[in-house]
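Reckoned from all heavy atoms, side chains included, excluding hydrogens, waters and symmetry mates. Throughout, protein chains are lettered first and strands after them, A, B, ... in sequence-line order, and every chain is numbered starting at 1.
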2 protein chains.
Amino acid sequence: MAGTSKPNKSLTIEQVAAAAGVSTMTVSRVLRGTDNVAADTRKKVKACMEELGYVHNKIAGALAASQGTQIAVIVPSLDSIVFTELLAGIAAGLNDTVYQQVIGISDYDLERELDIVRAMMGWRPAGFILAGTQHMPKTKRLLEANASPVVEVMELTRNPIDICVGLDQRKAGKVMAEHLLNKSYKRFAYLGTDHTIDRSASLRCKGFQSALHKHDIDFEHQLTVSDLSGISLGREHMPHLLEACKGVEVVYCSNDAVAAGAMMHCLYAGIDIPKKVALASFSGMEIASAMPIPITTVRSPRFEMGKLSAERVLARLQGKKVTRVTDAGFELIEGLSA
Amino acid sequence: MAGTSKPNKSLTIEQVAAAAGVSTMTVSRVLRGTDNVAADTRKKVKACMEELGYVHNKIAGALAASQGTQIAVIVPSLDSIVFTELLAGIAAGLNDTVYQQVIGISDYDLERELDIVRAMMGWRPAGFILAGTQHMPKTKRLLEANASPVVEVMELTRNPIDICVGLDQRKAGKVMAEHLLNKSYKRFAYLGTDHTIDRSASLRCKGFQSALHKHDIDFEHQLTVSDLSGISLGREHMPHLLEACKGVEVVYCSNDAVAAGAMMHCLYAGIDIPKKVALASFSGMEIASAMPIPITTVRSPRFEMGKLSAERVLARLQGKKVTRVTDAGFELIEGLSA
DNA sequence: TTGAAAGCGCTAACAT
DNA sequence: ATGTTAGCGCTTTCAA
């Protein structure tokens, strides 16, 4: 239910105009920094605004101009630094423009994502940036019907709703597998989040697996868990995994947090890394390199992807032609854990 | 500069009204779920909206009602789980209401915070939630001049702008110090972020110190660093600290991430925890309990504080009387690191 | 360089 | 239970 608070009666342009002895239009022009306003007039008006404590009403502005300045951004979670760095990138890309991001959290739930898209659309944002390429058909339809630019970021797809900036998750898995195969490892296991929750991780896992298959190898065990986040997941389930497939040489983890947790267990239990078990993962988060034994991982360019996404949106808003699909790449980081 | 995109001409209430054969007012009522609309009419209108793909224009709505549905939330950073959990709590508190949070990031910069407050005020949010109690005088003035409720969260203060939900950071430091003194530790050092950046941490440090003073003890060394975040900070600077004050028994860290990093170094360097050096900190984050040697820390109720903040805002919006200052408390968690 | 008039799309307040 | 009227505070468009 909406509240009972008194409507926020605040100053209007008109009162500023009166104080400055000009028309509302002049004040409006000063406000937006557009057109030609005489330097004196501008200064006088600014002084009055400051004096009265006037705050530009963007609601009225957006309505009159039928043009918002918000960029709707939807991420699955803020619990992972992966997404907060993405947001930082977007913020950087939007810096010094009139646009600002408005963040929505879908909790890895596509229905919720749809709700958020719908709710945000009510504010007529100038553009959308969504993490991931998987959405409800209805979400896609809504977004396609909308004139504003839409960027899907993090994963790569051939058929974006509009624009896509991402990395080939499958390939990231494959490259890591090949790296490990080159080191003559033969016995592999997988530890991570439930595939239905984290689709990117699932793609990496599949890519990893496909590389193994080429050598007639497969995971000896895949342990996926649904209810825990990163570190705890690794810490609590690593022993189960090791129990389930004794003699396994490498545990490929769905991300660095899981790998860090797995390493915590090994340190605790006195299991030698990488001699007894090797660890590899994905993300390139701070924790991977800060661990006593730095983790071999793949760094994804989160910040850069965020920045690129913002730039694509801006370009489109300026009527420029925009590359539909951009592969942002990744980088294998060799630690000492494998 | 704003872009050149075509204004987002979308469907209006009027077209839905025409299609459903009712007045715009009826559509508006259906949209907001208010008043009495005949069940049939409501169904018919809803069908038309669905059919045409109409999306409620909240900009026009907010203008007409001079009442927004956004709650402006400003946190210093999203890099720490402390703030993302706070946001999750706020989201939980706002769940099933018409209100939604809009997030701003100040980067621990009070000037930037002021800019964000000003920008957000342009959207006439129904309420504000700010992390921390330190703000520019101008920020306070802006907020006070505004009719909407303002919650300051995380820290405690006697003189909130409006409402305060927090914990006594000083006391958290004091309690930890007393806990360690009880264990007969005598030689202490501090490792953390620069005091000017993280004020809460600084308050804890002072509280800790005041407890030491009562026993005629003081930190033998305080190492504060400005340019690194949590884990790396601990990992990289722990050796410097140990070098600077050999024989120190306890290192009190500004938060769990720092302590985790410090522990990483010790594990790496073969320094026995807690025999050779004990570690204590603050936050109660996942990583603290997942470390090979669980860290002795103080858990702050982030989620709960977020939820409480949202509830206070809602209560005020409903015209209810609201407790001005709420101490959310904290909990000492004994690990094995001290 | 500045101003006057006409709405942007919706909702409050009042009819009916 | 539904409709009518008059704005919300700004910007667009056109005129001076």
Side-chain angles (χ1 to χ4, degrees), chain A residues 2-45 49 52 54-69 98 121-124 126 147, chain B residues 1-45 48-49 52 54-69 98 121-124 126 147:
Chain A
T4 326
S5 84
K6 49 199 157 209
N8 236 327
K9 282 290 163 212
S10 35
L11 290 171
T12 69
I13 259 193
E14 210 150 354
Q15 315 186 38
V16 178
V22 295
S23 78
T24 60
M25 243 349 272
T26 304
V27 178
S28 172
R29 287 196 256 258
V30 171
L31 231 26
R32 285 169 298 140
T34 60
D35 288 326
N36 329 299
V37 179
D40 310 4
T41 319
R42 163 162 286 142
K43 197 176 292 178
K44 191 171 52 182
V45 170
M49 299 198 310
L52 299 173
Y54 171 78
V55 180
H56 188 185
N57 187 333
K58 293 191 190 170
I59 299 178
L63 180 60
S66 4
Q67 238 283 27
T69 58
V98 295
M121 227 166 227
W123 292 100
R124 302 293 186 269
Chain B
M1 274 303 307
T4 327
S5 85
K6 48 199 156 209
N8 237 327
K9 281 289 161 212
S10 35
L11 289 171
T12 69
I13 261 195
E14 211 152 350
Q15 315 185 39
V16 177
V22 295
S23 78
T24 59
M25 232 5 253
T26 304
V27 178
S28 172
R29 287 197 257 256
V30 171
L31 231 28
R32 284 169 300 140
T34 62
D35 288 326
N36 327 300
V37 179
D40 309 4
T41 319
R42 164 162 284 145
K43 198 177 293 179
K44 191 171 55 182
V45 170
C48 286
M49 298 197 311
L52 299 174
Y54 171 78
V55 180
H56 188 187
N57 187 333
K58 293 189 188 169
I59 298 178
L63 180 60
S66 2
Q67 235 285 22
T69 59
V98 296
M121 228 165 225
W123 292 99
R124 301 296 187 265

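Straight-line distance from the CG atom of B:L11 to the C1' atom of C:dG9: 12 Å, rounded to whole Å. B:Q15 places its CD atom 14 Å from the C1' atom of C:dC10, with the value rounded to the nearest Å. Atom CG in A:L63 sits roughly 13 Å away from atom P in D:dC8 (whole-Å rounding). In this entry the distance linking CH2 of A:W123 with C1' of C:dC8 reads 15 Å, nearest Å. Between the C1' atom of C:dC10 and the CG atom of B:L31 lies a distance of 9 Å, rounded to the nearest Å. At whole-Å resolution of the value, CD1 in A:I13 and P in D:dC10 are 5 Å apart. One can place CG of B:N57 at 18 Å from P of C:dG7, the figure rounded to the nearest angstrom. A:K58 places its NZ atom 19 Å from the C1' atom of C:dC8, with the value rounded to the nearest Å.
For D:dT12, one of the phosphate oxygens OP1 or OP2 lies less than 4.0 angstrom from a side-chain nitrogen or oxygen of A:R32. A:S23 has a side-chain polar atom (N or O) that falls below the 4.0 Å cut-off from OP1 or OP2 of C:dG3. A sub-4.0 Å separation between OP1 or OP2 of C:dG3 and a side-chain N or O of A:T26 is present.
The two atoms that bring B:V37 and B:T26 nearest to each other are CG1-CG2, 4.2 Å, heavy atoms only. Closest approach of A:Y54 and A:T12 over heavy atoms only: CE1-C, 3.7 Å. Heavy-atom minimum distance, B:A126 versus B:Q67: CB-OE1, 4.3 Å. The two residues B:G68 and B:A62 have their closest heavy-atom pair at CA-CB, 4.4 Å.
Note that the two end axes of the helix from C:dT1-D:dA16 to C:dT16-D:dA1 enclose an angle of 20°, each drawn from 5 base pairs, rounded to 10 degrees.
At a cut-off of 3.5 angstrom, the base of D:dG9 holds no donor-acceptor pair with the side chain of B:R124.
Both A:E14 and B:T24 sit near DNA chain D, but only B:T24 has its closest nucleotide nearer the 5' end.
Of the candidates D:dC10, C:dT11, C:dT2, C:dT11 carries the atom nearest the B:S28 side chain, counting heavy atoms from C-beta on. With C:dT11, C:dC10, C:dA4 as the choices, the nucleotide that has an atom nearest any side-chain atom of B:A65 turns out to be C:dT11. Distance from the side chain of B:V37 is smallest to D:dT2 among D:dT2, C:dA4, D:dT4. Here the side chain of A:R29 is nearest to one of C:dT11, C:dT2, C:dA4, namely C:dT2. Closest to the A:A38 side chain, of the nucleotides C:dC10, C:dT2, D:dT4, is C:dT2.
To the nearest 0.5 Å, the span separating CZ on A:R29 from OG1 on A:T24 amounts to 9.0 Å.
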Check the pair A:N57 / A:S10 against side-chain contact (heavy atoms from CB on, under 4.5 Å), numbers first and verdict last.
-> CA-CA 9 Å; A:N57 187 333; A:S10 35; 5.5 Å; no
Can B:R124 and A:V55 be said to form a side-chain contact (heavy atoms from CB on, under 4.5 Å), step by step?
-> CA-CA 9 Å; B:R124 301 296 187 265; A:V55 180; 3.9 Å; yes
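No option in B:V30, B:L52, B:L31 other than B:L52 meets the side-chain contact (heavy atoms from CB on, under 4.5 Å) test with B:V16.
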